[in-house]
> 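A single structure is presented below for examination.
What you see below is based on every heavy atom in this structure, not just the backbone, and it leaves out hydrogens, waters and symmetry mates. In this text the structure is predicted, and so the values were computed from the model without any measurement.
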Amino acid sequence: MAQSAGAGWEERMLGYLCQTDLDGRERADWIARLRGYRFRKVGNQVLFDCLKNIPAGRFALVAELLPERLVRAGFPDFDLERYRQAAPGSEEEIRRLQEEAVAEILSGRNGNSS
């Protein structure tokens, strides 16, 4: 998928986690790593909260379940396409994104550090 210009690592990571063909263990690992992270933008946090609450065995249905969960969370007009477009496309982009995410999580530069 082509990376959206100007998308930050949070948006790219959420787009990555929204992919229906992502390995379930990979998704579960990243959700566990990000569980204590507080996203900078409300929309990013809401999307992550919806993703983390989808049972691991149901992630094959993420394309169907996610819009419904976002509506229930009070975001009926949530722009999932923006996240999907921000998702990394190549193995190299995925590797760089993962390195950036780990560095950001370890740095404590999120809302939990205040």
> Got a salt bridge between D29 and R33, using NZ or NE/NH1/NH2 to carboxylate O under 4.0 Å?
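Yes, this pair counts.
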> Ignoring hydrogens, what is the shortest heavy-atom contact between I31 and L51? Give both atom names and the distance.
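Result for this residue pair: CD1-O, 3.9 Å.
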> With sequence neighbours excluded, what pairs up with K41 under the side chain to side chain contact (heavy atoms under 4.5 Å, CB included) test?
E11, N44
> Can you tell me how far the CD atom of E100 sits from the CD1 atom of I105, to the nearest 0.5 Å?
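Atom-to-atom, E100:CD and I105:CD1 are 11.0 Å apart.
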> With the threshold set at 4.0 Å, does a side-chain nitrogen-carboxylate oxygen contact exist between R12 and E93?
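A salt bridge is absent here (no side-chain N lies under 4.0 Å from a carboxylate O).
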> Would you please name every residue forming a side chain to side chain contact (heavy atoms under 4.5 Å, CB included) with E99, sequence neighbours left out?
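If we apply the side chain to side chain contact (heavy atoms under 4.5 Å, CB included) test to E99, skipping adjacent residues, the hits are R95.
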> If you measure from OG1 on T20 to CZ on R84, what distance do you get to the nearest 0.5 Å?
8.5 Å
> I would like to know whether E26 and Y16 meet side chain to side chain donor-acceptor pair (under 3.5 Å); could you show each step before the answer?
CA-CA 10 Å; E26 176 81 2; Y16 178 62; 3.0 Å; yes
> Distance from L17 atom CG to L14 atom CG, nearest 0.5 Å?
6.0 Å
> Would you say E10's side chain and F39's backbone share a donor-acceptor pair under 3.5 angstrom?
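No, because the side chain of E10 does not come within donor-acceptor range (under 3.5 Å) of the backbone of F39.
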> Distance-only criterion, 3.5 Å: show the donor-acceptor pairs between side-chain atoms of residues 61-75 and protein atoms not counting sequence neighbours.
| from | atom 1 | to | atom 2 | distance (Å) |
| --- | --- | --- | --- | --- |
| E68 | OE2 | R72 | NH2 | 2.3 |
| R69 | NH1 | N53 | O | 3.0 |

> Could you check if a side-chain atom of F48 sits within less than 4.5 angstrom of a side-chain atom of M13, using non-hydrogen atoms only?
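No - every pair of side-chain heavy atoms lies 4.5 Å or more apart.
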> Atom OH in Y37, atom CD in Q45: separation rounded to 0.5 Å?
9.0 Å
> Compare every heavy atom of G43 with every heavy atom of Y83, then report the nearest pair and how far apart it is.
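What the structure gives for the nearest pair is OH-C, 3.8 Å.
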> Inspect the surroundings of CD in E91 and state if more than 12 heavy atoms from other residues, nucleotides or ligands are less than 6.0 Å away.
no
